[in-house]
Amino acid sequence: MASLRPSGRCLQKEFPVPHLPWPVYAMLLAPLALILIAAIVKTWQAREARNWPQVMGKVVTSVSEVREVKVSDNDNEGGYRLEKRNFANVVYEYQANGRKLSCNRISIGEDLGDFQVAEKLAKYPVGGIVTVYYNPAHPERAVLERDLPKGMWGCL
């Protein structure tokens, strides 16, 4: 008499992969590759900034400002449209290599606007003393925060 025990194999439905030319696959993977490259570049910049010298600085401007940003839009002629977004414009002064400099970059991460504007302005009020990290090769390039946004790699 034959045994009715399962053989241990699962029935799997096979989904055939279409045979497309390699440029089609390249076009499909290109956006993912660009995002990955951008994340790697930002990670590298953050690691470099860990070694930047630090000096004390002073916030001289801390205001919300509206800027026009190019946004991808295939419905418009030219492939983009202009969109108004709010940004925290925090200008701080510091001294590096005997020169008085000013900068308005807050962090290594990109500021796309409309995100945590009020929080940034509250964190960096006019007259506030801040720690400024500057690039020793280009002292005019500085940041107040040298860490990447939390969870960046998790999102990828």
Side-chain angles (χ1 to χ4, degrees), residues 15 17-18 20-156:
F15 294 100
V17 177
L20 298 172
W22 69 266
V24 174
Y25 289 112
M27 288 185 340
L28 293 172
L29 293 175
L32 178 61
L34 288 175
I35 291 170
L36 186 61
I37 290 169
I40 290 169
V41 167
K42 284 296 166 189
T43 301
W44 177 78
Q45 288 177 348
R47 286 189 181 180
E48 288 290 312
R50 287 182 194 160
N51 298 320
W52 288 0
Q54 66 184 45
V55 294
M56 300 312 289
K58 184 176 181 179
V59 177
V60 294
T61 303
S62 184
V63 296
S64 175
E65 72 179 26
V66 177
R67 299 180 197 157
E68 286 190 339
V69 178
K70 282 185 180 183
V71 178
S72 178
D73 187 352
N74 293 331
D75 294 337
N76 277 341
E77 192 174 317
Y80 71 91
R81 64 183 161 82
L82 294 176
E83 181 176 284
K84 292 184 179 186
R85 294 187 183 172
N86 289 312
F87 288 84
N89 185 25
V90 176
V91 179
Y92 48 93
E93 293 179 339
Y94 59 100
Q95 290 222 357
N97 299 337
R99 296 174 29 208
K100 186 174 181 179
L101 302 165
S102 68
C103 188
N104 70 341
R105 187 168 183 190
I106 294 175
S107 72
I108 294 289
E110 296 301 318
D111 187 358
L112 303 175
D114 287 341
F115 185 68
Q116 294 186 335
V117 175
E119 290 86 346
K120 290 175 187 174
L121 296 177
K123 187 174 181 179
Y124 302 111
V126 171
I129 303 301
V130 292
T131 301
V132 179
Y133 306 96
Y134 68 92
N135 183 335
H138 302 280
E140 67 281 356
R141 297 182 190 165
V143 293
L144 300 177
E145 301 169 4
R146 48 186 181 175
D147 295 328
L148 289 173
K150 289 184 169 106
M152 182 187 86
W153 282 102
C155 290
L156 290 174

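Each residue takes its place number in the sequence, starting with 1.
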Measure the [atom1]-[atom2] distance between [X] and [Y] for me, rounded to the nearest 0.5 Å.
X	Y	atom1	atom2	value
Arg99	Tyr94	CZ	OH	8.0 Å
Arg67	Phe87	CZ	CZ	5.5 Å
Thr131	Met56	OG1	CE	4.0 Å
Tyr133	Gln54	OH	CD	5.0 Å
Gln95	Leu101	CD	CG	8.0 Å

Quiz item: Do the side chains of Lys70 and Leu82 get nearer than 4.5 Å, heavy atoms only?
Solution: yes
Looking at every non-hydrogen atom in both residues, tell me the closest pair between [X] and [Y] and how far apart they are.
X	Y	result
Val91	Ser102	CG1-CB, 4.3 Å
Ile108	Ala49	CD1-CB, 3.9 Å
Ala142	Arg105	O-CB, 3.5 Å
Pro139	Asn97	CG-ND2, 3.3 Å
Ser64	Val117	OG-CG1, 3.9 Å

_Test log, rule side chain to side chain contact (heavy atoms under 4.5 Å, CB included), inputs Gln116 and Lys123_ = CA-CA 10 Å; Gln116 294 186 335; Lys123 187 174 181 179; over 6 Å; no
- Task: Could you walk me through whether Tyr124 and Tyr92 pass the side chain to side chain contact (heavy atoms under 4.5 Å, CB included) test, one step at a time?
- Result: CA-CA 9 Å; Tyr124 302 111; Tyr92 48 93; over 6 Å; no
**Prompt:** Can you tell me if Arg141 uses its side chain to pair, donor with acceptor, with the backbone of Asn135 under 3.5 Å?
**Reply:** no
Any donor and acceptor pair, going by atom type alone, linking the side chain of Arg47 with main-chain N or O of Arg50 inside 3.5 Å? no
task = Run the numbers on Arg85 and Val66 for side chain to side chain contact (heavy atoms under 4.5 Å, CB included), then give the verdict.
result = CA-CA 5 Å; Arg85 294 187 183 172; Val66 177; over 6 Å; no
Of Val126, Leu121, Val130, Thr61, the one forming a side-chain contact (heavy atoms from CB on, under 4.5 Å) with Val90 is Leu121
- Task: Would you please test Val143 and Trp52 for side chain to side chain contact (heavy atoms under 4.5 Å, CB included) and show each step?
- Result: CA-CA 10 Å; Val143 293; Trp52 288 0; 4.0 Å; yes
